[in-house]
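Heads up, the thing below is written out as structure tokens.
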There are 2 protein chains.
Amino acid sequence: MLSKKTKYAFHALSYLAENQEKGAVLIQEIAFSKNISHKFLENILLELKKAGILGSKKGKGGGYYLIKKPEEITLAKIIRLLNGPIAWLPCVSLNYYEKCSDCPDEATCNMHLIMCQVRDQTLAVVENKTLADLTAKNTDKQTFKY
Amino acid sequence: MLSKKTKYAFHALSYLAENQEKGAVLIQEIAFSKNISHKFLENILLELKKAGILGSKKGKGGGYYLIKKPEEITLAKIIRLLNGPIAWLPCVSLNYYEKCSDCPDEATCNMHLIMCQVRDQTLAVVENKTLADLTAKNTDKQTFKY
DNA sequence: CATAAAACCTACAAACTAAATAGGGTAATA
DNA sequence: TATTACCCTATTTAGTTTGTAGGTTTTATG
């Protein structure tokens, strides 16, 4: 299941995508609008900034804003950043790889093979869906990739 | 990520599948062979029994055994039982459905739609893979469904 | 320059979940 | 009838997620 943090990130990013013309938007405004704890959201936006997805401006009139087009921000990137690995096993993760302690040989491990398939099927969706797909008002605008 | 409980379940089931000719197998034997805490494994096997996957025999010479063919036990069933929902959002879960608190309307929610796709892609793998695929010694025996 | 407003940073507390342990109860069988 | 091993409940331990607190730095502006 996706964590609250991840869901909050999607909500916040959607808000920023839908209000790009405003320029910098206050944490406060997003938090109130999406019903998220101000301080908790602060941490999330900071992470998104460090990951190069958001920009920020300090001081009066400051706030956060997108520094990429919504079409360039994949769901996979957000999920990996805030939710952690997409794969079901560490030995199958592309971004958080770790050797499985209980598996002697990945090459011949049947579980490994199957979990690779699960990972690839999942990625086929989330690597090809972007923030733009989340904010599209009509299903017509959705880009079905498969 | 799959929980330890889930991985233990797969290990135990594999052991039982590979030792079907033995009849009832001691918890102790599985725990030792797969390096799992005896008591923890006891709980897991009990859950699998209640779910109709395992049978048991009490008293001397007792133990656990499969009551279905390995080909009839899907990975999806085991994962749902021990790991919980396969879906990434409660509003998209087939077996653990719950309305999302922050979503006003599933029918028009873009996230809902995308998460359905993720779920279906995942299920396409784990509903069609069984315990038999886990214990197959050669990759030749694997049944590739896509 | 002074001030207010806002992001930034560090640390911690509370709540929840997963993992493991303990100890006994109950049923079957040699 | 004693032994063996499943069955059940509760508790502890550890780890993660979620949320809170307070201070620091930057910047626009009067």
Is the shortest side-chain N/O distance from B/Tyr8 to OP1 or OP2 of C/dA19 below 4.0 Å?
-> no
Does A/Lys60 or A/Thr6 map to a spot on DNA chain D nearer the 5' end, using the closest nucleotide for each?
-> A/Thr6
Rounded to the nearest 0.5 Å, the CD1 atom of B/Ile44 sits from the NZ atom of B/Lys5 at a distance of 6.5 Å
Which whole-number value in Å describes the distance from A/Lys49 NZ to D/dT26 P?
-> 11 Å
Rounded to the nearest angstrom, tell me the gap between atom CD in A/Gln28 and atom P in C/dC8.
-> 15 Å
For atom CZ of A/Phe40 and atom C1' of D/dG19, their distance in whole Å = 7 Å
Could you give the CD1-to-P distance, from B/Ile44 to D/dC8, as a whole number of Å?
-> 16 Å
A/Asp105, CG atom: more than 12 neighbouring heavy atoms under 6.0 Å = yes
Straight-line distance of B/Lys57 NZ to B/Tyr64 OH, nearest 0.5 Å | 14.5 Å
Taking B/Leu131 as the fixed residue, which of B/Leu66, B/Ile78, B/Leu75 is the one that meets the side chain to side chain contact (heavy atoms under 4.5 Å, CB included) rule?
-> B/Leu66
Has B/Ser37 got a side-chain N or O lying under 4.0 Å from the OP1 or OP2 atom of C/dT21?
-> yes
Roughly how many Å is it from CG in A/Leu46 to C1' in D/dT25, rounded to a whole number?
-> 13 Å
With sugar-phosphate meaning primed atoms plus P, OP1 and OP2, does B/Glu42 contact a base, only sugar-phosphate, or nothing at under 4.0 Å between heavy atoms?
-> base
Rounded distance (Å) that lies between atom P of D/dT4 and atom NE2 of B/His38 = 14 Å
Report the nucleotide, chosen from C/dA19, D/dT20, D/dC6, that has the shortest atom-to-atom distance to any side-chain atom of B/Lys4.
-> C/dA19
From D/dT9, C/dA30, C/dA6, nucleotide with atom closest to B/Asn43 side chain | D/dT9
So does B/Glu98 have more than 12 non-hydrogen atoms from other groups sitting under 6.0 Å from CD?
-> no
Measure the distance from CD1 on B/Ile30 to C1' on D/dA5 and round it to the nearest whole Å.
-> 13 Å
Quick one: is A/Ser56 getting a side-chain N or O under 4.0 Å of the C/dA6 phosphate, OP1 or OP2?
-> no
Comparing nearest nucleotides in DNA chain D, the 5'-proximal residue of the pair A/Gly61, A/Lys5 is A/Lys5
So which nucleotide from D/dC8, C/dA19, D/dC7 ends up closest to the side chain of B/Lys58?
-> D/dC7
Hey, does B/Leu45 reach any base, or is it just sugar-phosphate, or nothing, if we go heavy atoms under 4.0 Å?
-> nothing
For A/Ile36 and D/dT18, give me the distance from atom CD1 to atom C1', rounded to whole Å.
-> 13 Å
Could one point to a donor on the side chain of B/Lys39 or the base of C/dG23 with an acceptor on the other under 3.5 Å away?
-> yes
From C/dA7, D/dT17, C/dA30, pick the nucleotide closest to the side chain of A/Tyr64?
-> C/dA7
